[in-house]
Amino acid sequence: MPRVDSFLLIAAVSIAFIHSLAPDHYVPVSAIGRSRKWSLSRTLTFSLIAASMHVASSAALGLSAFLGMNVLGLATLIESHSPHILIAFGLFYALLSHFKPHRHAHAASLTALLLILGVSPCIPLVPLTLSAKSIPEALTVIITFSATTILTILALTYISYRAYRPPGIAEKEDVVSGLIIALTGLVTWFLETAHRRVCLQAKVAPRPQPPFS
């Protein structure tokens with residue numbers, strides 16, 4: 001068992017937990033599961049697959065950065081556009097469900113949703129991985145981050161699945177679910193935009209000058 005900085009592990013668990021609270025990690029799965037009348041176990045299985053793909057792409061990004069590969073720009077680009085893709089998917093799914101409610105079309109849509117949720121990496125894992133002093137320590141950080149992320153997403157999927165009751169509007173649950181997914185993407189975009197704006201203001205804010213002696 002490699003020696004790992006305890007502060008680094010605490011940071012990995014904390015950041016993974018906070019990162020997983022973003023609604024785009026679990027609300028789309030719960031909404032789709034409820035509207036398609038999936039069982040809880042099937043919904044959690046879908047969530048597990050999406051979460052595993054998400055942490056796998058994040059782990060690949062973190063290891064690549066640790067090994068000196070310049071992939072952060074591409075990953076940041078993907079992450080910044082994921083809310084827009086989620087909005088577009090939600091609207092497309094709602095329109096598809098309204099005009100063409102066929103099972104095979106929904107199967108293709110579910111595959112697309114799985115890719116949207118799974119391929120977008122978690123950028124905060126990169127600085128955590130780069131803080132490691134060796135590959136074994138980096139792998140331990142990645143495993144800790146990944147396990148926390150998956151468990152948190154599954155727990156929130158369970159809670160939101162239990163809490164959400166799709167309205168019975170003339171069998172238009174799928175349309176409502178698509179609109180909820182689009183709204184989730186919009187909320188995620190708003191939160192990320194506000195976060196970037198705060199970070200930018202913090203960077204350009206003038207530093208306090210020391211008092212004259």
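For clarity, every value in this text was computed on a predicted model and none was experimentally measured.
- To the nearest 0.5 Å, atoms OG1 (Thr144) and CG (Leu139) are separated by 10.5 Å.
- Pairing each heavy atom of Arg34 with each of Tyr164, the nearest pair is NE-O, 3.2 Å.
- With respect to Leu128, the side chain to side chain contact (heavy atoms under 4.5 Å, CB included) criterion is satisfied by exactly one of Val141, Ile142, Leu9: Val141.
- A donor-acceptor pair is defined here as one N or O able to donate and one able to accept, closer than 3.5 Å; no such pair exists between the side chain of Tyr26 and the backbone of Tyr158.
- Within the 4.5 Å cutoff, the side chain of Pro28 has no heavy atoms near those of the Ile32 side chain.
- Checked by atom type and distance alone, the side chain of Thr129 pairs as donor or acceptor with a backbone atom of Leu125 at under 3.5 Å.
- We find the OG1-CZ distance between Thr157 and Arg162 to be 13.0 Å, quoted to the nearest 0.5 Å.
- Distance check: Asp24 CG to Thr184 OG1 gives 8.0 Å after rounding to the nearest 0.5 Å.
- Counting heavy atoms from C-beta on, the side chains of Leu8 and Glu137 come closer than 4.5 Å.
- Taking both residues in full, the closest heavy atoms of Ala16 and Ser20 are given as O-OG, 2.7 Å, listed atom of the first, atom of the second, then distance.
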Listed pairs under 3.5 Å, donor-acceptor, residues 149-156 side chains, sequence neighbours left out:
unit_1 : atom_1 : unit_2 : atom_2 : d
Thr149 : OG1    : Phe145 : O      : 2.8
Thr152 : OG1    : Thr148 : O      : 2.7

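- For Tyr161, there are no ring pair (Phe, Tyr, Trp, His ring centres under 6.0 Å) partners at least two apart in sequence or on another chain.
- Sequence neighbours left out, the pairs with a member in residues 28-64 that pass ring pair (Phe, Tyr, Trp, His ring centres under 6.0 Å) are His19-His54, His25-His54, Trp38-Phe46.
- Rounding to the nearest 0.5 Å places CD1 of Ile10 at 11.5 Å from CD1 of Ile15.
- In this structure, CG in Leu179 is found 8.5 Å from CG in Leu183, a value given to the nearest 0.5 Å.
- Once rounded to the nearest 0.5 Å, the distance linking CG of Leu44 with CD1 of Ile49 reads 11.5 Å.
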